[in-house]
Amino acid sequence: MAPKNTLLKTYLPPIIVILGVSGDLAKRKVLPALYHLLKDGLLPPQTLIIGTSRNDIKSDQIISDLELCIIGENKSCDPTVLKKFKSIFKVIKFDPNDTKSFFNLKQTLNNYETKHKTCFNRFFYLSVPPNVVQPIVKKLGIVNLNSKCSHDKANSFLLMEKPFGSDLDSAKALIKETARFFEEDQIYRIDHYLAKESAQNILTFRKNNPIFEDLWSNKYISKITISALEKLGIEQRVNFYEHTGALRDLIQSHLIQLLSLVTMKVPDNLDDSSLIHKHKLKLLKSVNEVSLFDIKNNLVAGQYKGYLQEVHNPNSKTETYIKIKLTINSKEWHNVPIYLETGKSLNVKQTEIKIYFISPNDTKQQNILSFRIQPNEGIDIVLNVKEPGLNPKIVPVNMDFSYKNNFIEPNHPDAYERVLIDAIRGDSSLFASSEDVLQSWRIIEPILKYWEKNDKNLKIYPKSAKLPIK
Ligand code: BG6
């Protein structure tokens, strides 16, 4: 592997425009990721970061928020790196409803490129509420901020955050509108779960451990569970969450993507991103739409106590917890139930995939393979062994691989750092395609339709609740 500080030297320098720089996502994820990349020498020389905000906010304010955020994560904040960050960071006042703001932004970018006598790759990171995404994309197009540079090497790219639309129809409309101005290869649809190191390891693990290859189907697997449980509530994201809810926020995106990594055919070449996309899409197409039977019998939706007060809406029916059952229409996965579960304000922060192997004789003696996506990233398998001594008792034990115990340098780039690096170097493997997005909406669409006409039957659970929610 090339030394870190030379890794990105060969890529065109980027200008990263963060639209919505004073928002929660920019503060908690995007800016800290850029800070860490800068610290590790992973940003190409001459990188420029521009934040846009409706408010007259100064870059000093953003930098001190950034410092607090890094310290809040118990990470050290290096004053020299912060100073350097400040020197490549600029904030401009920007009204996304006003075309003039887009012209001003264009002028700022042109001036910087003229000063450096070259074109840069321009990245527009849409760190904004879902309802303003489409109008922004349109205005970027209208003022020609979607175009290639004159010497044809540099290009303009969109970095878009999920949810892409709010149902199948709106996703189709968003994709169609975006395609009017940007080619598919100019669009990076971020699903930061795919960029988590432990999620990337799923395909690698499956490909490089032949003992599991023949076991990977309904012949030996009885059930799969995929869960993303969070301790945090909705924090300050009232507006976003009220319009989104747990099904759209995590199931439609992150968890269905994880499901595809576990159940898709493993491509012969994991370096070929088009092959990965092809196999993933094939799998997604074979996932059945949730059936009415499973909506009525195998779906649990809940809301944590205190949510109504947080969102100042006593009538809110937004779910903060959901569990659903999915099935796959293929020879390999017929009859294997797959449960996806996610919730906020629970007693644990944990994302995990569990594969339950069939145990023909005794269900208590099941072998379970777990991919621990976070925390304590790793893989373990439950085996059954004889308890030592005269007692012939069989007990389950864990064979455990953990990143932190096995690698000297467990500090791999975090998911947002990886997303940004990959976009800068033009690797689209870890991003969702427009077709992936449409397939995931198709799968859960019956639930959305059912909820339009029927009560969600929300279970109200206490904060820091222990599973199961009933
Ligand atoms: C985001 C969701 O995509 O993922 C949030 O919008 C959620 O609601 C977050 O909290 C969880 O991400 P992570 O990486 O902390 O598990």
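Just so you know, ligand 1 is whichever comes first in the structure, and atom 1 is the first atom listed for that ligand.
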A.B. asks: Which heavy atom of the protein is the closest neighbour of atom 10 (O) of ligand 1, given with residue, atom name and distance?
C.D. replies: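 Looking at atom 10 (O) of ligand 1, the protein heavy atom closest to it is Glu230 OE1, 2.6 Å.
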A.B. asks: Considering the heavy atoms of Gln374, write down every atom of ligand 1 situated less than 4.0 Å from one of them.
C.D. replies: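 By the 4.0 Å cutoff, the relevant atoms are 13 (P), 16 (O).
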A.B. asks: List the closest protein heavy-atom neighbour of atom 12 (O) of ligand 1: residue, atom name, distance to the nearest 0.1 Å.
C.D. replies: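 That would be His192 NE2, 3.2 Å.
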A.B. asks: Decide, yes or no, whether a salt bridge links Arg372 with Glu352 under the criterion of side-chain N to carboxylate O below 4.0 Å.
C.D. replies: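 Answer for the salt bridge query: no.
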A.B. asks: Closest non-hydrogen protein atom to atom 8 (O) of ligand 1, residue and atom name please, with distance?
C.D. replies: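 Heavy-atom neighbour on the protein nearest atom 8 (O) of ligand 1: Asp249 OD2, 2.6 Å.
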A.B. asks: Would you say the ring centroid of Phe182 lies under 6.0 angstrom from that of Phe157?
C.D. replies: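 No, too far apart.
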A.B. asks: How far is atom 13 (P) of ligand 1 from its nearest protein heavy atom, and which residue and atom name does that atom have?
C.D. replies: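 Ranking protein heavy atoms by distance from atom 13 (P) of ligand 1, first comes Lys349 NZ, 3.5 Å.
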A.B. asks: Could you tell me the residue and atom name of the protein heavy atom closest to atom 14 (O) of ligand 1, and the distance to it rounded to 0.1 Å?
C.D. replies: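 So the nearest neighbour among protein heavy atoms is Lys196 NZ, 2.6 Å.
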A.B. asks: Less than 6.0 angstrom from the centroid, inside 45 degrees of the normal: does Lys196 satisfy that with respect to the ring of Tyr193?
C.D. replies: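 Cation-pi check for Lys196 and Tyr193: passes.
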A.B. asks: To the nearest 0.5 Å, how far apart are CD1 in Ile226 and CZ in Phe371?
C.D. replies: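 It comes to 10.5 Å.
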A.B. asks: Check ligand 1 against Lys344 and write out every atom of the ligand that is under 4.0 Å from a heavy-atom position of the residue.
C.D. replies: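 The atoms of ligand 1 under 4.0 Å from a heavy atom of Lys344 are 5 (C), 7 (C), 8 (O), 10 (O).
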A.B. asks: For ligand 1, which atoms sit closer than 4.0 Å to a heavy atom of His254?
C.D. replies: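 Answer for ligand 1: 1 (C), 3 (O), 4 (O).
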A.B. asks: Under 4.0 Å from ligand 1, counting heavy atoms only, is it the side chain of Lys29, its backbone, both or neither?
C.D. replies: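 The side chain, only.
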A.B. asks: Which protein non-hydrogen atom lies closest to atom 5 (C) of ligand 1, naming both residue and atom, and how far is it?
C.D. replies: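 The closest one turns out to be Arg237 NH1, 3.3 Å.
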A.B. asks: By number and element, which atoms of ligand 1 are closer than 4.0 Å to a non-hydrogen atom of Lys162?
C.D. replies: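 Counting atoms of ligand 1 from 1, those under 4.0 Å from Lys162 are 1 (C), 2 (C), 3 (O), 6 (O).
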A.B. asks: Where is the tightest heavy-atom contact between Ser429 and His277, given as atom of each residue plus distance?
C.D. replies: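 Closest approach of Ser429 to His277, heavy atoms only: O-NE2, 3.8 Å.
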A.B. asks: With Lys323 as the cation and Tyr339 as the aromatic partner, state whether NZ or CZ is under 6.0 Å from the six-membered ring centre and within 45° of the axis.
C.D. replies: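 Because its charged atom sits under 6.0 Å from the ring centre and within 45° of the axis, Lys323 does stack over Tyr339.
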A.B. asks: Of Leu158, Asn146, Val17, which is the lone residue that meets side chain to side chain contact (heavy atoms under 4.5 Å, CB included) with Leu140?
C.D. replies: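 That would be Leu158.
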A.B. asks: Under 4.0 Å, heavy atoms only, figure out whether ligand 1 is touched by the backbone of Tyr241, its side chain, both or neither.
C.D. replies: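 For Tyr241, no heavy atom sits under 4.0 Å from ligand 1.
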A.B. asks: Which heavy-atom pair separates Ala26 from Gly20 by the least distance, and what is that distance?
C.D. replies: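 Smallest interatomic distance, heavy atoms only, reads CB-O, 3.7 Å.
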